[in-house]
Amino acid sequence: MATQEKTPVENAQLKDIISHAKEYGFIFPSSEIYDGLQAVYDYGQMGVELKNNIKNLWWKSMTQLNQNVVGLDAAIFMHPLVWKASGHVDSFNDPMIDNKDSKKRYRADVMIEEKAAQYENEGDVERAKALTAEMGRLLEAEDLNGVRELIIREDIKCPVSGTANWTEVRQFNLMFSTQVGSVAEDASTIYLRPETAQGIFVNFLNVQKTGRMKVPFGIAQIGKAFRNEIVARQFIFRMREFEQMEMQFFVRPGTEMEWYEKWRDTRRKWHEAIGVPTDKLRFHDHDKLAHYANAALDIEFEFPFGFKEVEGIHSRTDFDLTQHQELSRKKLQYFDNDLNEEGKPYGNYVPYVIETSVGADRLFLMVLCSAYTEEEITEGDSTKSRTFLKLHPALAPVKAAILPLTKKDGLPEKATEIFDSLKYDFNMIYEERDSIGKRYTRQDLIGTPFCIAVDHQTLEDNTVTVRDRDTREQVRMPISELHSYINKAVSYRSIFEQLA
Ligand code: GAP
């Protein structure tokens, strides 16, 4: 995939988002007190809520909205032959090159793509295309010497040492391996799964038979995946430990393109329904298809560092099931009764598969980037700026903040009563420290859609003011209406209706 890095100025916005994420408890570098671990991150108190909401929404969109999609939670460790069958042992590689002076390691293909992007930016589109095409040919032919010569011919230098003193290009497998077994001799090498999809393939018949599923049907799964990414950049965009949300949809051979188009459109609508602006999303058809695919595209989002893949939609044919059938020597076929009803001969077949595969962390970054808003507010003669997270209320970590105007006169007691009556259904915050203005600002920064202020009038007539995060407008309403008011905004219903 082409990585077109933007200039430092354009990247400034990503810097703001990274520091916002840290300052307000969304994302922390892993093991930070030991100076962190590259490309590994932890989700803080706000981050875990937002991420859980994203995962929960995806899960329900798949399994609750579709009668023919069910869930699965397979283990991270799998039999080593799984990864032989899937092709990961032999070909899940990145071509890497080291600079002998700086001792830094780079992805050879990414360096060439960056050079091509440079030509394109300079207006030499033809040269850019020719370079990308030549690299494609060399990689296809596994001509790693040719790739190195291309890097030298293009005078690509190490950004750290400034020299072109390169080693050979070598293929590095991206899978992490570890040992199972108590003593070294008994130990056997297994892998941390690099994708969740294989857990679905090996359970295909278990689910089909026990769930009495009829093709077409899907199996959805959310879980950790691990890749030894050498070029780990752009915050949580490319991590070594990340979460995938994948759905494999099993179809009758010959019908796969119809389903590919359906899932492509449904998934794009989903991204729009959670509040991502349409003009920030685009499809990118794969120029070069993987050996197992007969169609594939990425749904890309315009991050501060350019349009990049968020989700892949792949038509994977019967490749994976056939491979597992061969290596395990177990039949992974489906007996299709309906064929006979349609006047066609009965048949066992290996279903074709349409895959939707999205990274929960990359989706998190997309949601954060599209929610991060800075605006100028003019009041009378003065102008001030405000930063807030315009998150879809269904995704917001905290749905409402209950704020007594003062700490006395019975207001905290009344506010606590309101908090207690709503806490069973919504994640909320109760806060009485600092001025009401400062408290509103704190809630804006974490994206809380509603601030409920409890004042002296509340004690008289059981009404409160509800401040809207995006418009800053306040409405007065009876306490008895709060539940349905919040519920309408935060429920998944409005999102689901857009997918119908
Ligand atoms: N089963 C197909 C598959 O794994 P992929 O394009 O390699 O396809 C699917 O990955 C999605 O997983 C990507 O679109 C991205 O959202 C996410 N992803 C992949 N590698 C990642 C990484 N190193 N860090 C974070 N997310 C990643």
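In listed order, ligands and their atoms are each counted from 1. Keep in mind the model is a prediction, meaning the values are calculated, not measured.
In this structure, Asp90 pairs ionically with Lys84, as a charged nitrogen and a carboxylate oxygen lie closer than 4.0 Å.
Residues Glu246 and Gln221 bring no donor and acceptor atom of their side chains to less than 3.5 Å of each other.
Taking the six-membered ring wherever Trp is involved, the centroid distance between the rings of Tyr41 and Phe235 falls below 6.0 Å.
By the 30° and 60° cut-offs, the orientation of the rings of Phe176 relative to Phe226 is perpendicular.
Residues Val215 and Tyr349 are in side-chain contact: their nearest non-hydrogen atoms beyond the backbone lie under 4.5 Å apart. Here the side chains of Glu195 and Arg227 are in contact, with some heavy-atom distance below 4.5 Å.
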Any protein N or O within less than 3.5 Å of an N or O in ligand 1? List each pair with its distance, or say none.
residue  : atom   : partner : partner atom : Å
ligand 1 : 1 (N)  : Glu195  : OE1          : 2.6
ligand 1 : 1 (N)  : Glu246  : OE2          : 2.5
ligand 1 : 1 (N)  : Glu355  : OE1          : 3.4
ligand 1 : 1 (N)  : Glu355  : OE2          : 2.8
ligand 1 : 4 (O)  : Arg227  : NH2          : 2.9
ligand 1 : 4 (O)  : Gln244  : NE2          : 3.0
ligand 1 : 6 (O)  : Glu309  : OE2          : 3.1
ligand 1 : 7 (O)  : Arg227  : NH1          : 2.8
ligand 1 : 7 (O)  : Arg227  : NH2          : 3.1
ligand 1 : 10 (O) : Gln244  : NE2          : 3.4
ligand 1 : 12 (O) : Gln244  : NE2          : 3.3
ligand 1 : 14 (O) : Glu309  : OE2          : 2.6
ligand 1 : 14 (O) : Val310  : O            : 3.1
ligand 1 : 16 (O) : Val310  : O            : 2.7
ligand 1 : 16 (O) : Gly359  : N            : 2.9
ligand 1 : 20 (N) : Arg227  : NH1          : 3.4
ligand 1 : 23 (N) : Glu229  : OE2          : 2.9
ligand 1 : 23 (N) : Met239  : N            : 3.3
ligand 1 : 23 (N) : Met239  : O            : 2.8
ligand 1 : 24 (N) : Phe237  : O            : 3.4
ligand 1 : 24 (N) : Met239  : N            : 2.8

